[in-house]
Amino acid sequence: MTIASAAALVLLAGCGSGTGDSDGKASAGSAVVPKVSNDWALRYTGGTAGPADTKKSPIKVGYINQEGGAPAFPEASTGIDAAVAYINRELGGAKGHPVVLEKCVVQSEEDGQKCGTQMANDPEVKFVIEGVLTVGNKAIYSVLGGRKPIMEASPSTSDDLTAKGAYSYTPGGPGTIAGMAQFVAEQLPDVRRVAVLYADNPAGKASAEQFLKPQLQKLGVTDVKLVGVADTATGPDVAAAIQAAGGRQADTLLSFLTVPGCMATYDALQSLGITPRVVATGLCFGTPMTKHMRDVGSEDQVPDGWYFTNFGYSYFTPDEASGMATYVAKVKQYAPKNAEYTGFAGYTFANLMTAMKFVNEIGPDRLTSEAMAKAIESFEGPMMMVAGPIECGYSPVFAALCGSQIGVEQYKDGRWIQVATPLRDNAISIAQALGG
């Protein structure tokens with residue numbers, strides 16, 4: 001099996017967030033909502049202060065996301081909807097033209113064909129922004145076939161990673177796997193025995209067996225045990241999996257599970273009474289985990305001491321320079337109250353903001369799919385909320401990837417600590433591991 005198929009559906013690696021103080025820490029609990037002006041956003045997008053002109057013809061943006069079933073990623077829609085409202089009400093739209101979304105929802109393989117056809121057949125749609133999909137991906141790309149460029153929030157399948165005309169400014173699942181392996185092997189002290197919990201499906205198994213474990217072993221961590229966990233697993237199920245993975249003896253536990261699996265992992269560790277270092281993806285923080293912590297009587301926002309990967313910047317210690325502070329402030333302003341703003345929400349928001357940068361540069365009257373594809377592919381960053389340089393096609397294996405760095409943050413004693421971050425000049429580069 002190729003590396004591309006091995007990393008096919010690692011998990012939908014989420015990312016980080018937050019206005020930290022000088023030591024990279026911020027209080028936990030309710031989200032810090034920074035006060036921001038529109039200066040950063042206007043510079044980034046090339047927009048004009050004020051509302052769009054509703055008398056001008058709209059700029060239609062294609063948008064495809066998976067929601068309404070299981071798994072589902074509704075937070076991606078929360079993010080892009082907030083971006084539309086912000087751009088139209090405060091950033092002048094696209095050169096004065098209001099921005100509207102042409103939406104299509106995927107719940108099955110057949111929906112991929114439907115959504116791809118819908119976007120291909122609408123001449124007003126010049127480009128498409130994709131949330132997160134685990135089904136229907138191949139059909140979408142087979143229909144669009146590079147005819148209209150697609151900006152992905154976080155690629156999760158081999159089709160996402162290799163499709164013609166698809167671009168991801170985040171390093172997605174493969175980058176998360178590679179970065180997590182590097183972090184564990186090179187930055188955590190005294191790592192001798194690692195237990196890994198992965199999503200128990202063919203792609204998850206392939207990712208763990210043929211990409212993560214070899215990466216750890218290549219970096220000198222040879223004692224690695226893998227155990228698959230079903231999406232429906234409860235705390236007792238995960239406790240059994242941790243024991244099967246040698247969790248009582250392991251010094252480090254890696255989690256590649258969805259949000260319910262993250263909750264079950266916390267419950268399992270409590271019931272077993274063991275405290276390995278836990279390194280998880282950004283899917284393990286956010287509103288659902290915080291609610292679960294409250295339900296089990298904990299005052300912590302997420303499990304104490306856990307490390308979380310992100311795409312370089314933190315939702316919980318939002319800085320101004322990356323645009324994270326602007327995102328947190330505006331998603332809180334324009335999204336429904338208590339909406340999930342972590343996970344993939346930030347990256348659909350950032351993709352639309354970046355797309356408007358390109359549209360403003362090209363000009364609405366000269367906007368074509370070809371012009372947009374050229375702008376997307378040639379962009380070198382900096383990218384809103386994403387670490388590192390942007391270079392589309394740097395990986396010969398994962399052609400859609402343009403981002404090549406990840407970050408790590410830790411929640412400890414009620415505070416968020418930036419461990420590996422571009423703000424500290426120590427973000428983790430995964431370009432070499434992905435063939436760059």
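Numbers here simply count residues along the sequence, with the first being 1. Fair warning: this is a prediction, and the values are worked out from it, not measured in the lab.
Expressed to the nearest 0.5 Å, how far CG of L133 lies from CZ of F73 amounts to 8.5 Å. Note: L423 CG to S322 OG = 6.5 Å, rounded to the nearest 0.5 Å. Atom-to-atom distance recorded for N360:CG and L91:CG is 9.0 Å, nearest 0.5 angstrom. Rounding to the nearest 0.5 angstrom, the gap separating the CE atom in M119 from the CD1 atom in I140 is 8.5 Å. Y334 contributes atom OH, which lies 5.5 Å from atom CZ of R89 (distance to the nearest 0.5 angstrom). One distance of note links CE of M385 with CG of N310; it measures 10.0 Å at 0.5 Å rounding.
Side-chain contact check for V279 versus V184: some heavy-atom pair is nearer than 4.5 Å. Counting heavy atoms from C-beta outward, H97 and S57 have side chains that approach closer than 4.5 Å. Contact check for I87 versus V84: no side-chain heavy atoms found under the 4.5 Å cut-off. Looking at heavy atoms from C-beta onward, V386 lies in side-chain contact with Y347 at the 4.5 angstrom threshold. Considering only heavy atoms from C-beta on, Y86 comes within 4.5 Å of N38 through its side chain. Contact of the Q66 side chain with the V132 side chain is not registered, since no non-hydrogen atoms from C-beta on lie closer than 4.5 Å. A 4.5 Å side-chain heavy-atom check between Y266 and V278 finds every atom pair outside the cut-off. Between P171 and T176, the closest side-chain pair of non-hydrogen atoms is not below 4.5 Å.
Between the side chain of W40 and the backbone N or O of A321 there is at least one donor-acceptor pair closer than 3.5 Å. Judged by distance alone, the side chain of T348 and the main-chain N or O of I80 form a donor-acceptor pair under 3.5 Å. In this structure, the side chain of S168 does not engage the main chain of S154 through any donor-acceptor pair within 3.5 Å. In this structure, the side chain of N137 engages the main chain of V135 through a donor-acceptor pair within 3.5 Å. Of the possible donor and acceptor atoms, none in the side chain of N88 sits under 3.5 Å from a partner among the backbone N and O of A85. Side-chain N or O atoms of Q405 include none that pairs as donor or acceptor with a backbone N or O of A427 at under 3.5 Å. In this structure, the side chain of T252 does not engage the main chain of R277 through any donor-acceptor pair within 3.5 Å. Not a single donor-acceptor pair under 3.5 Å links the side chain of Q410 to the backbone N or O of V419.
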Show the numbers, then the answer: is there a side-chain contact (heavy atoms from CB on, under 4.5 Å) between Y169 and C392?
CA-CA 8 Å; Y169 291 148; C392 295; 3.9 Å; yes

Give the C-alpha distance, both sets of side-chain angles, the deciding distance and a yes or no for salt bridge (Lys or Arg N to Asp or Glu O under 4.0 Å) between D53 and K95.
CA-CA 9 Å; D53 185 349; K95 288 288 186 183; over 6 Å; no

Assess whether side-chain hydrogen bond (donor to acceptor under 3.5 Å, both in side chains) is satisfied between N351 and T354, documenting all intermediate values.
CA-CA 5 Å; N351 271 350; T354 306; 5.2 Å; no

Determine whether E340 and T78 satisfy the following criterion, side-chain hydrogen bond (donor to acceptor under 3.5 Å, both in side chains), listing intermediate values before the conclusion.
CA-CA 7 Å; E340 176 58 78; T78 295; over 6 Å; no

Take I362 and M372 through the test side-chain contact (heavy atoms from CB on, under 4.5 Å) and record every step on the way to the result.
CA-CA 8 Å; I362 296 167; M372 197 67 182; 4.1 Å; yes

Any chance you could lay out the side-chain contact (heavy atoms from CB on, under 4.5 Å) test for L212 and F256, step after step, and finish with the verdict?
CA-CA 10 Å; L212 175 63; F256 286 95; 3.2 Å; yes

How far apart are the C-alpha atoms of E380 and S378, what are their side-chain angles, what is the distance that settles it, and do they pass the side-chain hydrogen bond (donor to acceptor under 3.5 Å, both in side chains) test?
CA-CA 6 Å; E380 297 180 349; S378 63; over 6 Å; no

For the pair E409 and T421, evaluate side-chain hydrogen bond (donor to acceptor under 3.5 Å, both in side chains) and give the outcome as yes or no after the intermediate values.
CA-CA 8 Å; E409 59 190 323; T421 166; over 6 Å; no

If you apply the rule salt bridge (Lys or Arg N to Asp or Glu O under 4.0 Å), what do you find for K126 with E370, and how did you get there?
CA-CA 8 Å; K126 307 300 184 183; E370 293 76 16; over 6 Å; no

Run the side-chain contact (heavy atoms from CB on, under 4.5 Å) check on K213 and V194 step by step: do they pass?
CA-CA 10 Å; K213 186 173 182 179; V194 175; over 6 Å; no

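Here E124 pairs with K60 under the salt bridge (Lys or Arg N to Asp or Glu O under 4.0 Å) rule; sequence neighbours left out. Residues passing the salt bridge (Lys or Arg N to Asp or Glu O under 4.0 Å) test with D425: none are found, sequence neighbours excluded. Not counting sequence neighbours, E361 has no partner by the side-chain hydrogen bond (donor to acceptor under 3.5 Å, both in side chains) test.
Side-chain contact of Q118 with E102: a donor-acceptor pair under 3.5 Å is present, judged by distance alone. Judged purely by distance below 3.5 Å, without hydrogens or angles, the side chains of Y63 and S77 pair a donor atom with an acceptor atom.
The two residues T170 and P155 have their closest heavy-atom pair at OG1-CD, 4.1 Å. L144 and G116 get closest at one heavy-atom pair: CD2-O, 3.7 Å. Contact record, I428 with G179: CD1-O, 3.9 Å, taken as the closest heavy-atom pair. When all heavy atoms of G286 and F316 are compared, the closest pair comes out as N-CZ, 4.4 Å. Summarising the geometry of A335 relative to A82, their closest heavy-atom pair is N-CB, 4.4 Å, with the distance given to 0.1 Å. When all heavy atoms of P288 and V259 are compared, the closest pair comes out as CB-CG1, 3.6 Å.
Atom NZ of K138 sits in a sparse spot, with 12 or fewer heavy atoms from other residues, nucleotides or ligands closer than 6.0 Å. Within 6.0 Å of atom NZ in K164, 12 or fewer heavy atoms from other residues, nucleotides or ligands are found, so the atom counts as exposed in its surroundings.
When ring centroids are compared, F379 and F358 come within the 6.0 Å threshold. Residues Y411 and F308 place their aromatic rings such that the two centres sit no closer than 6.0 Å. Aromatic ring centroids of Y327 and F349 lie under 6.0 Å apart.
In summary, R43 and D39 do not engage in a salt bridge, as defined by a charged side-chain N under 4.0 Å from a carboxylate O. A salt bridge between E90 and K330 is present, with a side-chain N of the basic residue lying under 4.0 Å from a carboxylate O of the acidic one.
Geometrically, K357 engages Y44 in a cation-pi contact, judged by NZ or CZ lying under 6.0 Å from the ring centre and within 45° of the ring axis.
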